[in-house]
Amino acid sequence: MIPLIHDMNGKKVVIFGGGEVGFRKASFFYPESDIYVVSRTFYKKFNSINITAIEKELNDAEDNFFLDIINESFLVVAATSDQNLNNHIGRLSKKAGILFNNADGNTGDVMIPSVISGKNYMIAISTCGKSPGMSRYIRKSLEERFPDLDEMISLQSEVRELLKKKEPVQKRRNEILRNIIYDEKVWEELKRDWNSALIYIQEKYFR
Ligand SMILES: C[C@@]1(CC(=O)O)c2cc3[nH]c(cc4nc(cc5[nH]c(cc(n2)[C@H]1CCC(=O)O)[C@@](C)(CC(=O)O)[C@@H]5CCC(=O)O)C(CC(=O)O)=C4CCC(=O)O)c(CCC(=O)O)c3CC(=O)O
Ligand SMILES: NC(=O)C1=CN([C@@H]2O[C@H](COP(=O)(O)OP(=O)(O)OC[C@H]3O[C@@H](n4cnc5c(N)ncnc54)[C@H](O)[C@@H]3O)[C@@H](O)[C@H]2O)C=CC1
């Protein structure tokens with residue numbers, strides 16, 4: 001498997017299973033996608049997000065029920081507590097030519113990663129199904145280790161543009177940007193304030 005960052009805006013996503021896991025998967029795609037959740041029961045937190053809920057016992061549902069509901073969707077997620085049912089939904093999605101993610105059962109075409117994101121970046125973490133708990137741990141560790149990523153990226157972006165005007169040699173621009181990233185004092189100034197970090201950079205690197 002390889003990672004892709006995908007525009008899910010307005011895409012139809014159908015989730016089977018309305019438990020805590022189904023809710024987490026729905027939250028993952030919310031609010032970007034158009035989300036349908038099909039289940040016999042719904043976890044209480046579903047009240048907090050805007051999805052289309054379809055109450056249905058799936059044990060006695062015909063294949064055509066599934067095929068009608070997943071029609072024209074971009075992705076199907078199986079998150080019921082019944083592996084056989086999840087795998088069956090996977091086979092039907094394949095038949096319909098729709099991407100499939102399985103929260104419990106045979107791995108589908110797509111896996112859902114742990115995500116850290118800000119205004120200026122996103123990082124997705126996966127252990128390829130080996131240890132989702134470790135993905136969560138890595139996410140938490142990165143969040144603690146890099147609380148100022150957004151600020152640093154916007155600072156780099158600003159300095160990059162300033163440098164393009166001031167420094168004609170690309171290799172030199174590259175070197176300065178790298179030195180700034182590794183300059184602990186810049187990170188310290190950033191904690192105080194974005195502008196004081198920029199002033200420090202201009203005094204030290206723009207002479
Ligand atoms: C394969 C995958 C399928 C998929 O859903 O795409 C899958 C499968 C399974 N997870 C299970 C358990 C747990 N999942 C988590 C947490 C997350 N699980 C997520 C993704 C994935 N989980 C995909 C692989 C991604 C990868 O490898 O990185 C995350 C990243 C994204 C999300 O769900 O939003 C989210 C963290 C979000 C965050 O916080 O950052 C925790 C931790 C916790 O809840 O504290 C536990 C308990 C501890 C543990 O088991 O490690 C079980 C039951 C195992 C059993 O029966 O014992 C299965 C089924 C199986 O393994 O067969
Ligand atoms: N991929 C992941 O990240 C994780 C997956 N899991 C696994 O995912 C599965 C779901 O976990 P939870 O949401 O905690 O379980 P849960 O039991 O709280 O929720 C299951 C949902 O599926 C629905 N459902 C089950 N059978 C159905 C049927 N025949 N017809 C209609 N609806 C049906 C239930 O009504 C319920 O809403 C479990 O098997 C669990 O082991 C657990 C943790 C993380």
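Just so we're clear, the structure is a prediction, and the values are computed from it rather than from any experiment. One-based numbering, in listed order, for ligands and for the atoms of each. For the single chain, residues carry numbers from 1 onward in sequence order.
- An N or O contact shorter than 3.5 Å is missing between Pro113 and ligand 1 by distance.
- A side-chain donor from one of Asp104 and Gln83 sits under 3.5 Å from a side-chain acceptor of the other.
- Residues satisfying the ring-ring contact (aromatic ring centres under 6.0 Å, His included) criterion with Tyr205, sequence neighbours excluded, are absent altogether.
- Residue contacts with ligand 1 for Ser135 involve side-chain atoms from C-beta outward but no N, CA, C or O (heavy atoms, distance under 4.0 Å).
- Looking at Met134 against ligand 1, nothing comes within 4.0 Å, counting heavy atoms.
- Shortest contact from atom 21 (C) of ligand 1 to any protein heavy atom: Ile112 O, 4.0 Å.
- A cation-pi contact, defined as under 6.0 Å to the ring centre and within 45° of the axis, is absent between Lys166 and Phe206.
- For atom 59 (C) of ligand 1, the nearest protein heavy atom (residue, atom name, distance) is Ala103 O, 3.3 Å.
- Heavy atoms of Val115 stay at 4.0 angstrom or farther from ligand 1.
- Hydrophobic side-chain contacts under 4.5 Å tie Met8 into a cluster, directly or through other members, with Val13, Ile15, Phe23, Phe28, Phe29, Tyr30, Ile35, Val37, Phe42, Tyr43, Phe46, Ile49, Ile51, Phe74, Leu75, Val77, Leu99, Val110, Ile112, Val115.
- Shortest contact from atom 6 (O) of ligand 1 to any protein heavy atom: Asn101 ND2, 2.7 Å.
- No part of Ala79 comes within 4.0 Å of ligand 1, judged by heavy-atom distances.
- The protein atom (non-hydrogen) at minimum distance from atom 49 (C) of ligand 1 is Gly133 N, 3.9 Å.
- Residues with a heavy atom under 4.0 Å from ligand 2: Gly17, Gly18, Gly19, Glu20, Val21, Arg24, Lys25, Ser39, Arg40, Thr41, Lys56, Glu57, Leu58, Asn59, Ala79, Thr80, Ser81, Leu85, Ala103, Asp104.
- In this structure, Ile181 shares a hydrophobic cluster with Tyr182, the cluster being traced through Ile, Leu, Val, Met, Phe, Trp and Tyr side chains under 4.5 angstrom apart.
- Looking at Val21 against ligand 1, nothing comes within 4.0 Å, counting heavy atoms.
- For atom 52 (C) of ligand 1, the protein comes within 4.0 Å by no heavy atom at all.
- Looking from atom 5 (O) of ligand 1 to the surrounding protein, the closest heavy atom is Lys25 NZ, 2.6 Å.
- Ranking protein heavy atoms by distance to atom 15 (C) of ligand 1, first place goes to Pro132 CB, 3.6 Å.
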